[in-house]
Amino acid sequence: MAEAKVLSGAGLRGQVAGQTALSTVGQAGAGLTYRGYDVRDLAAGAEFEEVAYLLLYGDLPSAAQLAEYKGRLKTLRDLPQALKEVLERIPADAHPMDVMRTGCSVLGTLEPELTFEQQRDKTDRLLALFPAVMCYWYRFTHHGVRIDCTSDEDTIGGHFLHLLHGKKPSELHVKVMNVSLILYAEHEFNASTFTARVCASTLSDLYSCITAAIGSLRGPLHGGANEAAMELIERFQSPQEAVAELLQMLERKDKIMGFGHAIYKESDPRNEVIKGWSKQLADEVGDTVLYPVSEAIDKTMWEQKKLFPNADFYHASAYHFMGIPTKLFTPIFVCSRLTGWAAHVFEQRANNRIIRPSAEYTGVEQRKFVPIEQR
Ligand SMILES: CC(=O)SCCNC(=O)CCNC(=O)[C@H](O)C(C)(C)COP(=O)(O)OP(=O)(O)OC[C@H]1O[C@@H](n2cnc3c(N)ncnc32)[C@H](O)[C@@H]1OP(=O)(O)O
Ligand SMILES: O=C([O-])CC(=O)C(=O)O
């Protein structure tokens, strides 16, 4: 059970910056809850679409509501032609998070949110279409194909894998994607969500809030850590090599991506879940390197620094074992966290005051202006 961390210092750490009914992070009793449900129970027993519904509509759906919701999302998967054309113009070496940010922003010009009454419909559209934004651009620029952006897959996770690989995914892979999307869906006032709320507090539109949040998630200290973790683990051929290099990195005070957390103190409750699935995928593909290397890094980080893997670390190997290119790891996070971001935007709008903190001034004393010709 994660104890609350002693919080102090910079980065607004430990300061309550608003209220939410969406989730708790690092509180006694359960490490992470979404609207009162333990995330581990949701990951074990729910579908991602159920969790999206819970966050966006307030309660878990009935079977009929879920069927209706999934059916509706399925009809919203295709991209407008103008968006496809924009995606085709983005270079192959662009960062896929920049592609997601641009895709979201362009959709905001094609299908704008004209009133806040449209906020749920616009969110459903983004939820249904984000996998295609990433996969259409990726497959066009990397493989020269214009993919069909629709599929008959029942779930968002399955739809994503289908578009990426051009074939029906296995049941195991659909299951793991479902779990992954649930684990990443919501996390209180993390940096990207706070970004979305700041933007929402100016009464801006939903696309602006989500576009801004994508920019915040991109960084390696936040969502970008799953890609950085992959780049680390794939450098090593054996656990011994990994430990030797890791000790040197720690000696140099390098940051080890995928470890540590701003709120959790002893463990990230999402880690045990994705770690279990990563092990199952490792067994499926007969891996004898990546998973043991990951475990060796995990063990050494705890022994040396008392730092634990966060949600991102074992996501790296899990995604890799499903044949997902490393550069698409953080965009998958976007497809999931969209639900949390949007739910926070709705919450901010429902009880809004513009977010505008103060700064402690550390600059020079007041001084007299000197005209340019006298300087
Ligand atoms: C889904 C997510 O977004 S989860 C977060 C993903 N990000 C990462 O994995 C990036 C790596 N981790 C980090 O950079 C940090 O742990 C963060 C950004 C997640 C949290 O930052 P903070 O709240 O400032 O960390 P915290 O206060 O716990 O740091 C305590 C000490 O541990 C060190 N530390 C924390 N994380 C790491 C790490 N991953 N590797 C090495 N040292 C670390 C800090 O440098 C700090 O050392 P210092 O006191 O000598 O300066
Ligand atoms: O809460 C945070 O600071 C980062 C995080 O784990 C998340 O957003 O999922």
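Just so you know, ligand 1 is whichever comes first in the structure, and atom 1 is the first atom listed for that ligand. Counting from 1, the numbers follow the sequence of the chain as shown.
Proximity of Pro220 to ligand 1 is established by a heavy-atom distance of less than 4.0 Å.
Note: Tyr57 and Tyr69 meet the aromatic proximity criterion, with ring centroids under 6.0 Å apart. Under the 6.0 Å cut-off for aromatic ring centres, His315 and Phe333 do not qualify, their centroids lying 6.0 Å or more apart.
When each atom of ligand 1 is checked for a heavy atom of His222 under 4.0 Å away, the hits are 2 (C), 3 (O), 6 (C), 7 (N). Of all atoms in ligand 2, numbered sequentially from 1 with element shown, those under 4.0 Å from a heavy atom of Asn190 are 1 (O), 2 (C), 3 (O), 4 (C), 8 (O). Every atom of ligand 1 with a heavy atom of Gly258 under 4.0 Å away is listed here by number and element: 8 (C), 9 (O). Every atom of ligand 1 is numbered from 1 in the order shown, and the set under 4.0 Å from a heavy atom of Asp254 is 41 (C). Proximity to Arg13 (heavy-atom distance under 4.0 Å) selects the following atoms of ligand 1: 22 (P), 23 (O), 24 (O). Contact atoms of ligand 1 toward His261: 4 (S), 16 (O), 19 (C), 20 (C), 28 (O) (distance under 4.0 Å to a heavy atom of the residue). Less than 4.0 angstrom separates some heavy atom of Ala262 from each of these atoms of ligand 1: 20 (C), 23 (O). Using a 4.0 Å cut-off to heavy atoms of Arg270, the atoms of ligand 2 that qualify are 5 (C), 6 (O), 7 (C), 9 (O).
Heavy atoms of Leu221 found under 4.0 angstrom from ligand 1 belong to the backbone as well as the side chain. Residue contacts with ligand 1, taken as heavy atom pairs separated by less than 4.0 Å, do not involve Ala229 at all. At a heavy-atom cutoff of 4.0 Å, ligand 1 is contacted by the side chain of Leu307 but not by its backbone. If you look at Lys253 next to ligand 1, there are no close heavy atoms at all, none under 4.0 Å. Residue contacts with ligand 2 for Glu188 are absent, since no atom lies close enough (heavy atoms, distance under 4.0 Å). Using a 4.0 Å cut-off between heavy atoms, Phe333 contacts ligand 1 through its side chain alone, with no backbone atom that close. Residue contacts with ligand 1 for Ala225 involve side-chain atoms from C-beta outward but no N, CA, C or O (heavy atoms, distance under 4.0 Å).
Side chains of Phe48 and Met177 form no contact here, defined as non-hydrogen atoms less than 4.5 Å apart.
Salt bridge annotation for Lys175-Glu284: absent, with no cationic side-chain nitrogen under 4.0 angstrom from a carboxylate oxygen. Under the 4.0 Å criterion applied to side-chain N and carboxylate O atoms, Lys168 and Glu153 are assigned as salt-bridge partners. Checked for salt-bridge contact, Lys279 and Asp283 meet the test: a charged N lies under 4.0 Å from a carboxylate O. Salt bridge Lys84/Glu88: absent, no basic N to carboxylate O contact under 4.0 Å. Residues Asp205 and Lys122 are not paired through a salt bridge, judged by the lack of any N-O separation under 4.0 Å between the basic side chain and the carboxylate.
Side-chain atoms of His187 and Thr193 include no donor-acceptor pair closer than 3.5 Å. No donor-acceptor contact under 3.5 angstrom links the side chains of Ser105 and Thr211, judged on distance only. A donor-acceptor pair shorter than 3.5 Å cannot be found between the side chains of Tyr53 and Asp124. Side-chain atoms of Glu347 and Thr20 include a donor-acceptor pair closer than 3.5 Å.
The shortest contact between atom 8 (O) of ligand 2 and any protein heavy atom is with Arg337 NH1, 2.8 Å. His187 ND1, 3.3 Å is the protein heavy atom nearest to atom 5 (C) of ligand 2.
Ligand 1 has no nitrogen or oxygen under 3.5 angstrom from a nitrogen or oxygen of Tyr184. Looking at ligand 1, you won't find any N or O of Arg270 less than 3.5 Å from one of its N or O atoms. In terms of polar-atom proximity, defined here as any N/O pair under 3.5 Å, His261 does make such a contact with ligand 2. The shortest N or O to N or O distance between Lys305 and ligand 1 is not below 3.5 Å.
For atom 10 (C) of ligand 1, the candidate residues are Met257, Met249, Gln304; the nearest heavy-atom contact is made by Met257. Summarising the contacts of atom 39 (N) of ligand 1 with Asp312, Ile256, Asp268, the nearest heavy atom is found in Ile256.
Judged as a ring-ring contact (aromatic ring centres under 6.0 Å, His included), and not counting sequence neighbours, His173 has no contacts.
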Test log, rule salt bridge (Lys or Arg N to Asp or Glu O under 4.0 Å), inputs Arg35 and Glu186: CA-CA 10 Å; Arg35 291 200 190 272; Glu186 161 55 13; over 6 Å; no
